[in-house]
Asker: 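Quick one: the structure is below, and I'll ask about it shortly.
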Amino acid sequence: MTEIIALAIHDLNRSDAGYSVALSKKLLDVTDTTLRVISTVYELYNSRTSKSHGRFTTAEGSPTEGQIRAYVEAKEKDFLGLTGKMMDNLAREAGKKSASVGGHVFFAHFRRDGSDFMLVTVVTDKLSAALTKNHGMEDVEHLDLDGFRFAGRINLTAWADKQDRYLSFLKGKGSISDYFRDFLGCDSAVLERKDTQRLFGKSAAGVVIGVSA
């Protein structure tokens, strides 16, 4: 069961001059449609195998953690204000990777399975066709939920509990997704190094050395 706390969608636009942000003036309403979108994106994100996990970086220059902390700790939650600030971070990091794409940036704060999450994903429009009542066809644009390439998720409850694995993002191909990692302020190096050491430790423990007579 998914409980939606707050939803927002803004646009990241790309042009020859660079990247610009178009902010929504109000939060998305919680409806059956938005609930279905959240559940779909959540399940699709879980099914993606190419994810990197980590925690917020301690390096300077990444404001995302501080912005989210201020939102979480505030008595009056300003999700629209938070996501507007995060869009500025995203545009700045996108500008460092000329091959990164724009799109609709979907932010969701929701509760599921006893934990609070924040999910961020970049979704583009997709052209398809629909049948009319007169059995004709017409072009229809819809959100390409299946095709999103850039997404990240923060387990806010695990973060508050000081666990290791509370932040993740889609790695994608090449270095293009690095801008999304930097936008989130995710440090995955330490955890990946621990996973590698654990993997080699298990491999070494499983080796059986035979001695011939």
Asker: Side-chain atoms of residues 81-88: list all donor-acceptor pairs with protein atoms under 3.5 Å, sequence neighbours left out, distances to 0.1 Å.
Answerer:
unit_1: Thr83; atom_1: OG1; unit_2: His10; atom_2: NE2; d: 2.9
unit_1: Thr83; atom_1: OG1; unit_2: Phe79; atom_2: O; d: 3.0
unit_1: Thr83; atom_1: OG1; unit_2: Leu80; atom_2: O; d: 3.1

Asker: Kindly compute the distance separating OG1 (Thr57) from CG (Asp187), expressed to the nearest 0.5 Å.
Answerer: 5.0 Å
Asker: Restricting to ring pair (Phe, Tyr, Trp, His ring centres under 6.0 Å), what partner residues turn up for Phe183, sequence neighbours left out?
Answerer: Phe180
Asker: How about Tyr42 and Phe110: are their ring centres within less than 6.0 Å of each other?
Answerer: yes
Asker: Nearest heavy-atom pair of Leu184 and Gly152: which atoms, and what distance?
Answerer: CD1-CA, 3.8 Å
Asker: Listed by chain and number, what are the salt bridge (Lys or Arg N to Asp or Glu O under 4.0 Å) partners of Arg153, not counting sequence neighbours?
Answerer: none
Asker: Atom OG1 in Thr2, atom CG in Asp113: separation rounded to 0.5 Å?
Answerer: 7.5 Å
Asker: What verdict does the side chain to side chain contact (heavy atoms under 4.5 Å, CB included) test give for Ile154 and Phe117, after you've listed the backbone C-alpha separation in whole Å, the side-chain angles of each residue and the deciding distance to 0.1 Å?
Answerer: CA-CA 6 Å; Ile154 305 163; Phe117 295 92; over 6 Å; no
Asker: Should Val105 and Val120 count as side-chain neighbours, where that means a heavy-atom distance under 4.5 Å?
Answerer: yes
Asker: Using the test salt bridge (Lys or Arg N to Asp or Glu O under 4.0 Å), find all partners of Asp116 that sit at least two apart in sequence or belong to another chain.
Answerer: Arg111
Asker: Check whether Tyr19 reaches the backbone of Leu90 with its side chain - one donor and one acceptor, N or O, closer than 3.5 Å.
Answerer: no
Asker: Measure the spacing between CG of Leu156 and OG of Ser115 and express it to the nearest 0.5 Å.
Answerer: 9.5 Å
Asker: To the closest 0.5 Å, what do you measure between CG (Asn155) and CZ (Arg112)?
Answerer: 12.5 Å
Asker: How long is the gap from CG on Leu27 to NZ on Lys77, to the nearest 0.5 Å?
Answerer: 14.0 Å
Asker: Return each pair, listed once, that meets side chain to side chain donor-acceptor pair (under 3.5 Å) where at least one residue sits in residues 66-75; pairs must be two or more places apart or across chains.
Answerer: Glu65-Arg69, Gln67-Asn89, Tyr71-His109
Asker: Just to verify, what does Ser24 make a side chain to side chain donor-acceptor pair (under 3.5 Å) with, not counting sequence neighbours?
Answerer: none
Asker: Shortest non-hydrogen contact from Val21 to Ala91?
Answerer: CG2-CB, 3.7 Å
Asker: Hey, is Glu43 close enough to Arg36 for a salt bridge, meaning N to O under 4.0 Å?
Answerer: no
Asker: Check step by step if side chain to side chain contact (heavy atoms under 4.5 Å, CB included) holds for Leu12 and Val122.
Answerer: CA-CA 9 Å; Leu12 179 67; Val122 181; 5.7 Å; no
Asker: Assess the residue pair Tyr166 and Arg55 against the criterion (side chain to side chain contact (heavy atoms under 4.5 Å, CB included)); give the C-alpha distance rounded to whole Å, side-chain angles, the decisive distance to 0.1 Å, and a yes or no.
Answerer: CA-CA 6 Å; Tyr166 60 78; Arg55 63 186 69 177; 3.2 Å; yes
Asker: If you look at every heavy atom in Ala22 and Asn13, which pair is closest and at what distance?
Answerer: CB-ND2, 3.9 Å
Asker: Determine whether Trp159 and Thr157 satisfy the following criterion, side chain to side chain contact (heavy atoms under 4.5 Å, CB included), listing intermediate values before the conclusion.
Answerer: CA-CA 5 Å; Trp159 175 40; Thr157 302; over 6 Å; no
Asker: Heavy-atom count around Asp32 CG within 6.0 Å, excluding the residue itself: above 12?
Answerer: no
Asker: Taking the side chain as C-beta and beyond, is there a heavy-atom pair between Phe106 and Ile38 under 4.5 Å?
Answerer: yes
Asker: Just verifying a value: how many Å separate Phe169 CZ and Tyr45 OH, rounded to the nearest 0.5 Å?
Answerer: 8.5 Å
Asker: If we ignore hydrogens and angles and just use 3.5 Å, is the side chain of Lys51 paired with the main-chain N or O of Arg48 as donor and acceptor?
Answerer: yes
